[in-house]
Amino acid sequence: MFRAWILLVHTDKMPPLLSTANSMSVCFRSRTVRRRRRDGFGHKTSNVSQLEIPPPLEERLTLEEASSWKRSFDCVLASPAGRSVFVEFLRTEHSDENMAFWLACEELKREQSQEQVCEKAQKIYLDYISILSPKEVSIDATVRESINSSLARPSAHIFNEAQAQVYALMHRDSYPRFLSSPLYKSLEQRLSALTCDT
């Protein structure tokens, strides 16, 4: 079976997901022409005119895996490469903080040490919940207030409601645009063309 390769690199913004030891972000060497605009939902978006897949290095990606991301949003989240490409897309919409927050919550829920839970909960709050943060995620005021009242003695699940709301936002809003984006279509077309050449 043909396998195309993409380069994945570690990033501090991407804590691990479930059994994945280290989440990664795709490093694309691309020439892009971005034209910022506002869509019907008021989101900032940009068009990516060209995507180049780097030469084979570390992580392998098959056409079958990339195509599986169309089945469901959970298929994207379950794939390290899928999460990486999706984050790259979110960056073009200036909303990659949503995935970073979701992944940080997953990491927090695996934490066993109460001391570490407190430390990580405070960091997540400052990074994504505080209204003073440039990476603040969009959540209901009631959920934010609930987090504020629990922050003094947080549990590993303090952000569950906020995480669910951010997941729903990505699923409903970002995921459909990701599947129709030049970034994803270009990747799928290149993998398909390379498969035909083998």
Side-chain angles (χ1 to χ4, degrees), residues 1-9 11 13-35 37-103 105-106 137-138 163-198:
M1 176 182 293
F2 170 80
R3 294 181 181 273
W5 300 62
I6 59 175
L7 171 64
L8 302 182
V9 296
T11 172
K13 289 182 65 179
M14 296 281 293
L17 171 69
L18 304 177
S19 61
T20 305
N22 289 289
S23 299
M24 322 286 274
S25 69
V26 173
C27 177
F28 290 102
R29 294 174 183 173
S30 61
R31 303 183 194 92
T32 62
V33 178
R34 292 188 171 92
R35 177 171 53 83
R37 62 180 175 82
R38 290 274 183 178
D39 63 14
F41 297 94
H43 294 286
K44 292 180 181 177
T45 63
S46 59
N47 292 333
V48 180
S49 63
Q50 182 177 356
L51 171 68
E52 296 178 1
I53 303 175
L57 285 170
E58 295 180 7
E59 184 71 17
R60 291 176 289 181
L61 174 65
T62 65
L63 174 62
E64 180 181 9
E65 181 178 358
S67 297
S68 74
W69 303 339
K70 292 184 285 189
R71 296 175 194 162
S72 72
F73 184 46
D74 286 338
C75 287
V76 176
L77 295 181
S79 164
R83 295 193 302 273
S84 298
V85 177
F86 185 62
V87 166
E88 188 69 16
F89 166 74
L90 291 179
R91 287 196 184 104
T92 71
E93 297 204 322
H94 311 283
S95 60
D96 52 299
E97 68 277 359
N98 289 330
M99 180 62 88
F101 170 69
W102 191 89
L103 290 167
C105 292
E106 289 296 296
V137 295
S138 178
Q163 184 187 23
Q165 289 189 356
V166 169
Y167 172 95
L169 177 64
M170 292 190 294
H171 186 195
R172 179 186 69 248
D173 193 356
S174 303
Y175 173 60
R177 291 204 302 274
F178 165 68
L179 294 180
S180 61
S181 69
L183 188 152
Y184 176 69
K185 287 185 174 181
S186 175
L187 175 62
E188 193 173 39
Q189 287 169 4
R190 287 169 184 267
L191 290 171
S192 179
L194 289 170
T195 301
C196 291
D197 289 341
T198 60

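Numbering of residues begins at 1 and proceeds along the displayed sequence. Since this is a predicted model, take the numbers as computed values, not measurements.
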Can you tell me how far [atom2] of [Y] sits from [atom1] of [X], rounded to the nearest 0.5 angstrom?
X	Y	atom1	atom2	answer
S95	L169	OG	CG	8.0 Å
R91	M99	CZ	CE	11.0 Å
Q165	W102	CD	CH2	15.5 Å
L103	Q163	CG	CD	8.5 Å
E93	S174	CD	OG	5.5 Å

Original post:
Is L187 close to L61 at the side-chain level, that is, under 4.5 Å between some pair of heavy atoms?
Top reply: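 Yes, at least one pair of side-chain atoms sits under 4.5 Å.
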
Original post:
Are M170 and V166 close enough that some pair of their side-chain heavy atoms sits under 4.5 Å apart?
Top reply: yes

**OP:** State which residues pass salt bridge (charged side-chain N to carboxylate O under 4.0 Å, His left out) with K70; sequence neighbours excluded, sorted by chain then number.
**Re:**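 Listed in chain order: E188.
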
Can you give me the closest heavy-atom contact between [X] and [Y], atom names plus distance?
X	Y	result
F101	V137	CB-CG1, 3.9 Å
C75	S68	CB-O, 3.5 Å
A66	L191	CB-CD1, 3.7 Å

**OP:** Determine yes or no for a side-chain-to-main-chain donor-acceptor pair under 3.5 angstrom, with S84 supplying the side chain and P80 the backbone.
**Re:**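 The answer is yes, because a donor-acceptor pair under 3.5 Å joins these two groups.
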
**OP:** Kindly say whether R177 contributes a backbone atom to a donor-acceptor pair with the side chain of S180 at under 3.5 angstrom?
**Re:**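 Present.
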
Subject >> Residues which pass side-chain contact (heavy atoms from CB on, under 4.5 Å) with S138, listed by chain and number, not counting sequence neighbours >> reply: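 S138: no side-chain contact (heavy atoms from CB on, under 4.5 Å) contacts found.
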
Subject >> By ring pair (Phe, Tyr, Trp, His ring centres under 6.0 Å) - contacts of F178 (at least two apart) >> reply: F86, F89, Y184

Original post:
How would you list, by chain and number, every residue that makes a side chain to side chain donor-acceptor pair (under 3.5 Å) with Y167, sequence neighbours excluded?
Top reply: D74

